[in-house]
Amino acid sequence: MNGHLIGRDQLGTGVAVVGVAESDLGVTDQPILGLQTQAITRALDDAGLALRDVDGLATTGISRFSATQLADWLGIQPKWTDSTFAGGSAYEMYVARAAQAIRAGQAETVLVSFASNQRSARSRSLGGVVEAHTPEAQFETPYAPLYPLSYYAMAAQRYLHEFGATREHLAEIAVAAREWALLNPKAFRYGAGPLTVEDVLASPMISSPLTTADCCLVTDGGGAVVLTSSERARDLRKTPVEVLGYGERTTNTSMTAVDDLTLTGAVGSSADALARAGLSISDIDVIEVYDSFTITVALTLEALGVCGRGEALDFIQDGRIRPGGQLPLNTNGGGLSYCHPGQYGVLLLVEAVRQLRGECGPRQVAGARTALAHGTGGILSTHATVILGVDR
Amino acid sequence: MKAPSVAPADVVTVGWWDATREHRLTVQRCAECSGVQHPPRSLCIHCGRTDTLRFDTAAGTGVVDSFTVVYRSPVPDADVPYVIARVRLDEGVICLTRLENAEPDAWCIGDRVAVDWVDLDDGRALPVFVPAPR
Ligand SMILES: [Zn+2]
């Protein structure tokens, strides 16, 4: 990767990430806004900024008027807000919209945040939330699919069938995530010991071919990301992490709209993001993708162009995505073994930024200068990619 | 499957549900561009027309695009396991459904299936799919 590609005056959006943080994770007994407060105050502290500096706010998952609710809670009256609801991909979308708002001069400092107490509050429903007036309520809910799990399970079944792969091959994704989590003291499974392929296969089947070990965790948690202009970022506390590119796709709400279950909107979103950054996927040093389920990772790696269609599971069997492997992936342990508060996308950004700053201790990817974060929402419904880089 | 409670039809979908009362599976077809779609909508997603859609009776046969055996149901009193599937009708559209009348583990992607009906308490019926007669 060529350092000059991310020179400030050439490529990039002119906007940088200057602060990141997590809230408390795991089981917290905090209300949602309490966790939001932790993530926000810690991220601002990381940046060396104060709440009075914030004039833009992007969040969801609090209430029907999420950004408004958060502004009220924080006691600020922002010039710009966004509450685009796109599940776990919303936070990568917020980075794109924040970069545009900052470039356009509508806001100077934007706070992107999310938190959930879904484990403490036991608020996650196996069937998801389906509004009675939607087509899905009439044509899908009557059959009682798990939402989102049964859709990902059908994608996995189709993938294994079409490409001649097995559950054993798929399990490597969960095994590798655990290896990374063992290096991250904040991971829910830190200290849980290694996971084996046999463990994954022997875990209770929920919606075939996916077992509980193929599914992300259900935890409390949250995160926050602070963005400002690259110019202003130079005067702040931490190494600025430049936003180099972004892209997104929206494809479906129903389980029947997408013709090919193994081909996702991540193809287009990542192609757009890389083109905007002037990079190719082989230029990326560290990749953080939403691992809602093991199959999500296989589909996303292929969509990003890391390997060809149908090749992902073969590609990773050599330990390539484990710590020390050639393709550092989900280096915090991911939604599978680190933390999964529901809309995990914000925590992909937090980890990507920390890797680029070199703050990750035993799990640090040596010399990482470019990172890709890819969020996925709903049932492979929404996809958003962000490319980040540091000039060092 | 046991008859579930199903959200009421609306003005767009009532034609589809009315056909189920006589165990007739339909797909929405556009008279302008011949495009087919499911679920029913108030515009054609192929050409955008809003005044050219009608319900055509489907052959009632198709192929399993994918499926999953559900062991932990979101519905508290459901009998598990059961099979959720995407069936690609011979008309080309995909329906979410249940696969019935075979052992859950016996299903394969690509299996030929035919429609069957679960009668609902309100006179409508819910289409499910069973192995197609050979
Ligand atoms: Zn048409």
With Phe129(B), which residues qualify under ring pair (Phe, Tyr, Trp, His ring centres under 6.0 Å), at least two apart? none
Selection from Thr97(B), Val75(B), Asp10(B), Val93(B) maximising heavy-atom pairs under 4.5 Å formed with chain A: Thr97(B)
Checked Ser5(B), Ala78(B), Ala9(B) vs chain A; the most non-hydrogen pairs under 4.5 Å come from Ala9(B)
With a 4.5 angstrom heavy-atom cut-off, could you sort out which part of Tyr151(A) is near chain B: side chain, backbone, both or neither? side chain
Taking atom CZ as the centre, does Arg21(B) end up with more than 12 heavy-atom neighbours from other residues, nucleotides or ligands that are less than 6.0 angstrom away? yes
Indicate the atoms forming the closest heavy-atom contact of Leu146(A) with Val70(B), along with that distance. CD1-CG1, 4.0 Å
Ser208(A) side-chain N/O to Val69(B) backbone N/O, donor-acceptor pair under 3.5 Å: yes
Sort out for me which of Val130(A), Ile206(A), Leu149(A), Leu210(A) touches chain B most, counting heavy-atom pairs under 4.5 Å. Ile206(A)
Tyr290(A): ring pair (Phe, Tyr, Trp, His ring centres under 6.0 Å) partners, not counting sequence neighbours: His340(A), Tyr344(A)
Those residues of residues 82-89 of chain B, ordered by number, that approach chain A below 4.5 Å (heavy atom to heavy atom): Tyr82(B), Ile84(B), Ala85(B), Arg86(B), Arg88(B)
For the atom pair SG (Cys95(B)) and CE (Met255(A)), what is the distance rounded to the nearest 0.5 Å? 14.0 Å
Identify which part of Pro104(B) has an atom lying under 4.5 Å from any heavy atom of chain A, answering side chain, backbone, both or neither. neither
Please look at Pro4(B) and chain A and tell me whether the side chain, the backbone, both or neither of the residue comes under 4.5 angstrom of a heavy atom of that chain. side chain
Give me each pair satisfying salt bridge (Lys or Arg N to Asp or Glu O under 4.0 Å) with a member in residues 97-110 of chain B, each pair once, sequence neighbours excluded. none
Go through the side-chain N and O atoms of Gln138(A) and Trp16(B) and say whether any donor and acceptor fall under 3.5 Å apart. no
Check the orientation of His38(B) and Phe139(A). Use parallel for under 30°, tilted for 30 to 60°, and perpendicular for over 60°. perpendicular
Side chains of Thr68(B) and Ser207(A): donor-acceptor distance under 3.5 Å anywhere? yes
Heavy atoms only: give me the nearest Leu261(A)-Ser66(B) pair and the separation to one decimal. CD1-CB, 3.6 Å
Please rank Leu120(B), Val6(B), Val12(B), Thr13(B) by heavy-atom pairs under 4.5 Å with chain A and give me the top one. Thr13(B)
Relative to chain A, which of Val118(B), Val128(B), Leu126(B) shows the most heavy atom pairs under 4.5 Å? Leu126(B)
Here the pair of heavy atoms bringing Pro145(A) nearest to Leu96(B) is CG-CD2, 4.0 Å
Toward chain B, the part of Thr141(A) with a non-hydrogen atom under 4.5 Å: neither
More than 12 heavy atoms of other residues, nucleotides or ligands under 6.0 Å from CG of Asp121(B): is that the case? no
Worked check of side-chain contact (heavy atoms from CB on, under 4.5 Å) between Arg72(B) and Thr212(A): CA-CA 11 Å; Arg72(B) 193 182 293 177; Thr212(A) 52; 4.1 Å; yes
Which heavy atom of Ser73(B) sits nearest a heavy atom of Leu126(A), and at what distance? O-CD1, 3.8 Å
Less than 4.5 Å to any heavy atom of chain B: does that hold for the side chain of Ala132(A), its backbone, both, or neither? backbone
